[in-house]
Student: 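Have a look at the structure that comes next, please.
Counting starts at 1 for both ligands and their atoms, following the listed order. The basis for the numbers below is simple: all heavy atoms, side chains too, and nothing from hydrogens, waters or symmetry mates. Everything quoted here is computed from the prediction, not taken from an experiment.
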Amino acid sequence: MTQTPPIVLVFAGNDPSAGAGLAADILTLSALGCHPLPVVTAVTVQDTAGMEDFQVVEADWVSDQARLLLEDMPVAAIKVGVLGSVENLTVVAEIAADYPDIPLILDPVFATGGGDEFASEELIAAMRELLLPHTTVLTPNSLEARRLASDDADEQEGLTPDEAALRIRQFGPEFVLVTGTHENTPTVNNVLYNRSGRVRADSWERLPHSYHGSGCTLASALAAFLANGMEMSQAAREAQEFTYHALKNAYRPGMGQMIPDRMFWARGSGEDSKDEGEGEPA
Ligand code: PXL
């Protein structure tokens, strides 16, 4: 019998364009040799241009989906994306408390790239209080980091990514990886922090397009490397590298944003071969 790949339990919303959400996580985890266990927390109606609507799955259903699998299989990592409700967040926090040895990767998704909100202030407060204490690594972009760091909008605006990370660490996550795509800097600067400060900083070429599902790709890739037993700093580096290549090879299947190609290594003749030419947004 073939050896079972590392198993990653995923809590996320379904984006049927497969740009972001559960399908993005499944693709990324599969691309990196893991077996995904996709637990759906919410259903969205969206295409590459934006989200029309979303509906949250009942918390009992989220809990039952996950707990049945946790009894059946050895889970090497838990990856959390869109939760949709405080009730769903509570379910995940309780599971995290019951399985303290499984690393938990939390991507705090509060809105779609187009700005449609997934999260209320109440959900953000519950995340700070209930889920961050059980989080191994949190992967906010700098805007999400500011929202988690403070509930005062004026104060948020004044925070540097370093200051936001410093505050978030007080809520209990072991590591925070803040991404710099939304900052006005020539390169994209991503920084990993632990409880005592900066662990590593990586700078990347700022790519020209807008991508749907880059955050999901990064967090799932990080989950995959951790599930494979890699230590955090190395896993953070490898996850960024994978995401960079997926973005470099992104395609534009519809009329909206580009979608990262998590299967870039399985297609095409040369690495990053689709970087130029067809598929450019108008
Ligand atoms: O990219 C964040 C994200 C995560 N999960 C779901 C989404 C989105 C963005 O659209 O739809 C389900």
Side-chain angles (χ1 to χ4, degrees), residues 8-29 36-59 61-62 65-66 78-85 88-89 91-92 104-120 123-124 127 131 138-148 177-182 188 190 207 209-224 239-240 242-244 246-247 250-262 281:
V8 179
L9 178 66
V10 181
F11 294 93
N14 189 49
D15 162 11
S17 79
L22 214 42
D25 297 332
I26 294 169
L27 281 163
T28 304
L29 291 165
L37 302 179
V39 169
V40 62
T41 57
V43 176
T44 72
V45 177
Q46 66 179 309
D47 58 16
T48 57
M51 186 163 73
E52 298 268 308
D53 211 350
F54 84 105
Q55 183 163 29
V56 176
V57 173
E58 254 180 63
W61 280 77
V62 174
Q65 290 178 76
I78 299 175
K79 191 257 163 178
V80 183
V82 164
L83 288 158
S85 67
N88 284 348
L89 184 144
V91 160
V92 174
L104 187 137
I105 298 87
L106 174 60
D107 183 17
V109 184
F110 301 144
T112 65
D116 296 298
E117 289 285 328
F118 279 121
S120 57
L123 189 134
I124 295 174
M127 187 174 281
L131 202 47
L138 179 76
T139 62
N141 63 38
S142 52
L143 307 180
E144 293 158 346
R146 289 186 178 95
R147 284 183 76 180
L148 269 171
L177 174 61
V178 182
T179 57
T181 318
H182 295 84
V188 173
N190 303 332
L207 296 171
H209 305 296
S210 159
Y211 305 93
H212 181 54
S214 48
C216 303
T217 306
L218 178 68
S220 282
L222 184 52
Q240 290 176 68
F242 176 85
T243 305
Y244 176 78
L247 295 176
Y251 46 84
R252 189 170 183 241
M255 292 180 282
Q257 286 182 298
M258 297 185 78
I259 290 183
D261 188 2
R262 297 95 180 180

Student: Are the side chains of Leu148 and Phe110 in touch, meaning some heavy atoms are under 4.5 Å apart?
Tutor: yes
Student: Measure the shortest side-chain to side-chain distance between Thr243 and Leu247 over non-hydrogen atoms and say whether it is less than 4.5 angstrom.
Tutor: yes
Student: Is ligand 1 less than 4.0 angstrom away from at least one heavy atom of Met51?
Tutor: no
Student: Compare Ser17, Ala20, Gly13 and give the one whose heavy atom is closest to atom 8 (C) of ligand 1.
Tutor: Ala20
Student: Donor-acceptor pair, Asn141 side chain versus Leu143 backbone, under 3.5 Å?
Tutor: yes
Student: Side chain of Asn190, backbone of Gly180: donor and acceptor closer than 3.5 Å?
Tutor: yes
Student: Return the closest protein heavy atom for atom 11 (O) of ligand 1 as residue, atom name and distance.
Tutor: Gln46 NE2, 2.5 Å
Student: Quick check: are there more than 12 heavy atoms from other residues, nucleotides or ligands sitting under 6.0 Å from CD of Glu117?
Tutor: yes
Student: Considering non-hydrogen atoms of the protein only, which is the closest contact for atom 2 (C) of ligand 1, and what is the distance?
Tutor: Val109 CG1, 3.6 Å
Student: So between Val43, Thr44, Val82, whose heavy atom ends up nearest atom 5 (N) of ligand 1?
Tutor: Val82
Student: Does Phe118 come within less than 4.0 angstrom of ligand 1, counting non-hydrogen atoms of the residue?
Tutor: yes
Student: Measuring from non-hydrogen atoms of Ala12 to any atom of ligand 1, is the shortest distance under 4.0 Å?
Tutor: no
Student: Of all the atoms in ligand 1, which lie at a distance below 4.0 Å from a heavy atom belonging to Gly21?
Tutor: 4 (C), 5 (N), 6 (C), 12 (C)
Student: Quick check: Asp15 and ligand 1, any N/O pair under 3.5 Å apart?
Tutor: no
Student: Would you call Pro108 and Thr139 a side-chain contact if the rule is heavy atoms closer than 4.5 Å?
Tutor: yes
Student: Can you see whether Ser210 engages Gln257 through a side-chain donor-acceptor pair at a distance of less than 3.5 angstrom?
Tutor: yes
